[in-house]
Amino acid sequence: MPYPDPFYPVVDSVAWVERLTKLGVGTIQLRAKDLNDAEALQIVTDALAVTKGTATKLVVNDYWRAAIVAGAEHLHLGQEDLQGADLAEIRKAKLTLGISTHDDEELATALKAEPDYVALGPIFPTTLKSMRFAPQGIPKITEWKKRIGNIPLVAIGGIKFEQAAEIFAAGADSIAVVSDITQNADPDARVRQWLGASAKAA
């Protein structure tokens with residue numbers, strides 16, 4: 001399978017990681033905010049224990065030190081996190097690296113770090129966190145993909161299942177999904193929908 005998988009949910013707890021792993025999700029990002037070092041190490045360790053022996057790849061958001069200590073294999077950094085991260089240590093630990101981008105300057109910064117994938121967002125307005133960047137829109141996906149070439153492109157931000165086909169067609173290799181799963185009335189059924197669509201996109 002490609003990395004990251006075409007369907008790439010982002011969740012904030014070990015309970016969600018466990019639920020999605022049991023449903024057969026291939027790539028899951030754990031994004032839990034405002035933890036101290038001990039808390040970060042604990043949640044990363046617990047999430048890795050849940051995915052061990054399964055086909056699920058766990059991507060740790062932000063906490064690169066905890067990821068290294070816990071023996072994670074995949075890391076995602078936002079631009080602020082990237083500034084404070086030790087890329088040499090991350091590479092030495094053989095972690096894959098995904099980086100968030102929102103504009104041309106951030107894309108240039110990300111590409112200097114030689115990431116394993118680039119995330120572009122928000123594609124649509126998002127209610128989960130206040131964004132200082134306006135929605136990118138679907139045409140930006142095509143433009144970004146042309147610029148980064150063979151590097152996988154992840155679309156994120158306010159994306160619902162009904163928009164998946166259009167976003168894949170625009171050039172996204174993967175779609176990161178948050179509220180369309182975590183705030184859905186039937187998350188398991190929604191996950192199965194996404195897995196069906198992403199199998200066709202892979």
Side-chain angles (χ1 to χ4, degrees), residues 1-33 47 50-51 54-62 74-76 78 96 98-102 107 115-131 133-146 148 151-202:
M1 282 298 287
Y3 173 76
D5 286 71
F7 170 55
Y8 183 10
V10 179
V11 295
D12 63 0
S13 70
V14 174
W16 270 112
V17 171
E18 184 168 20
R19 183 172 184 170
L20 296 176
T21 298
K22 283 177 176 168
L23 288 166
V25 175
T27 308
I28 303 170
Q29 184 183 130
L30 176 64
R31 184 170 71 189
K33 292 298 182 184
V50 164
T51 58
T54 73
T56 300
K57 299 177 281 290
L58 182 79
V59 183
V60 177
N61 180 288
D62 187 6
H74 308 285
L75 180 68
H76 183 95
T96 67
I99 301 176
S100 297
T101 66
H102 306 88
L107 179 59
D116 294 278
Y117 70 84
V118 167
L120 170 67
I123 304 304
F124 301 116
T126 173
T127 54
L128 287 186
K129 58 180 185 176
S130 60
M131 298 294 291
F133 297 94
Q136 306 281 357
I138 292 175
K140 193 76 170 276
I141 296 169
T142 308
E143 180 195 326
W144 237 236
K145 185 58 189 170
K146 277 183 190 153
I148 66 174
I151 301 171
L153 178 62
V154 178
I156 185 169
I159 300 170
K160 294 191 165 25
F161 174 75
E162 290 75 16
Q163 298 147 335
E166 191 179 0
I167 287 171
F168 284 130
D173 299 287
S174 172
I175 299 175
V177 183
V178 190
S179 59
D180 196 48
I181 299 300
T182 59
Q183 296 178 9
N184 198 285
D186 188 346
D188 293 9
R190 197 61 155 177
V191 167
R192 290 189 190 100
Q193 274 187 303
W194 274 103
L195 288 172
S198 60
K200 290 177 197 148

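Closest approach of Leu30 and Asp12 over heavy atoms only: CD1-C, 4.0 Å. The shortest heavy-atom contact between Ala119 and His76 is CB-CE1, 3.9 Å. Across all non-hydrogen atoms, the minimal contact from Pro4 to Ser174 is CG-OG, 3.9 Å. The shortest non-hydrogen separation linking Lys33 to Asn61 is NZ-OD1, 3.4 Å. In terms of heavy-atom proximity, Ile148 sits nearest to Leu153 at CD1-CB, 3.8 Å. In terms of heavy atoms, Thr21 sits closest to Thr51 at OG1-CG2, 3.6 Å.
Considering only heavy atoms from C-beta on, Ile156 stays 4.5 Å or farther from Ile123 through its side chain. Within the 4.5 Å cutoff, no side-chain heavy atoms of Val154 are placed close to those of Leu120. Between Val10 and Val177 the shortest side-chain heavy-atom distance does not fall below 4.5 Å. Contact of the Arg31 side chain with the Val178 side chain is registered, since non-hydrogen atoms from C-beta on lie closer than 4.5 Å.
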**OP:** Check the pair Val17, Val50 against side-chain contact (heavy atoms from CB on, under 4.5 Å), reporting the backbone distance first and the verdict last.
**Re:** CA-CA 7 Å; Val17 171; Val50 164; 4.2 Å; yes
**OP:** Go through the steps to decide whether Ile141 and Ile167 satisfy the test side-chain contact (heavy atoms from CB on, under 4.5 Å), and finish with yes or no.
**Re:** CA-CA 8 Å; Ile141 296 169; Ile167 287 171; 3.8 Å; yes
Subject >> side-chain contact (heavy atoms from CB on, under 4.5 Å) assessment of Arg192 paired with Leu23 >> reply: CA-CA 8 Å; Arg192 290 189 190 100; Leu23 288 166; 3.5 Å; yes
Original post:
Taking it one step at a time, do Asp5 and Lys57 satisfy side-chain contact (heavy atoms from CB on, under 4.5 Å)?
Top reply: CA-CA 9 Å; Asp5 286 71; Lys57 299 177 281 290; 3.1 Å; yes
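Using a distance-only test at 3.5 Å, with no hydrogens or angles considered, no donor-acceptor pair links the side chain of Gln136 to the main chain of Pro122. Between the side chain of Thr56 and the backbone N or O of Val25 there is at least one donor-acceptor pair closer than 3.5 Å. With hydrogens and angles ignored, the 3.5 Å screen pairs no side-chain donor or acceptor of Thr142 with any backbone N or O of Gly171.
Every side chain to side chain donor-acceptor pair (under 3.5 Å) that Asp188 has, sequence neighbours left out, goes to Arg19. For Asp116, the salt bridge (Lys or Arg N to Asp or Glu O under 4.0 Å) partners at least two apart in sequence or on another chain are Arg91. Among residues two or more places apart in sequence or in another chain, the salt bridge (Lys or Arg N to Asp or Glu O under 4.0 Å) test is passed with Asp62 by none. Applying the salt bridge (Lys or Arg N to Asp or Glu O under 4.0 Å) criterion to Lys140, with sequence neighbours excluded, gives no partner residue.
A side-chain N or O of Tyr3 and one of Thr96 form a donor-acceptor pair less than 3.5 Å apart. Checking Tyr8 against Tyr117 by side-chain atom types alone, a donor-acceptor pair falls below 3.5 Å.
Between Glu143 atom CD and Ile138 atom CD1 the span is 14.5 Å, to the nearest 0.5 Å. Annotation: the span from Leu20 atom CG to Gln29 atom CD amounts to 12.5 Å, rounded to 0.5 Å.
The list of ring pair (Phe, Tyr, Trp, His ring centres under 6.0 Å) pairs with a residue in residues 173-201, not counting sequence neighbours, reads Phe7-Trp194, Phe161-Trp194. Sorted by first then second residue, the side-chain hydrogen bond (donor to acceptor under 3.5 Å, both in side chains) pairs that include residues 152-168, not counting sequence neighbours, are Glu162-Arg190.
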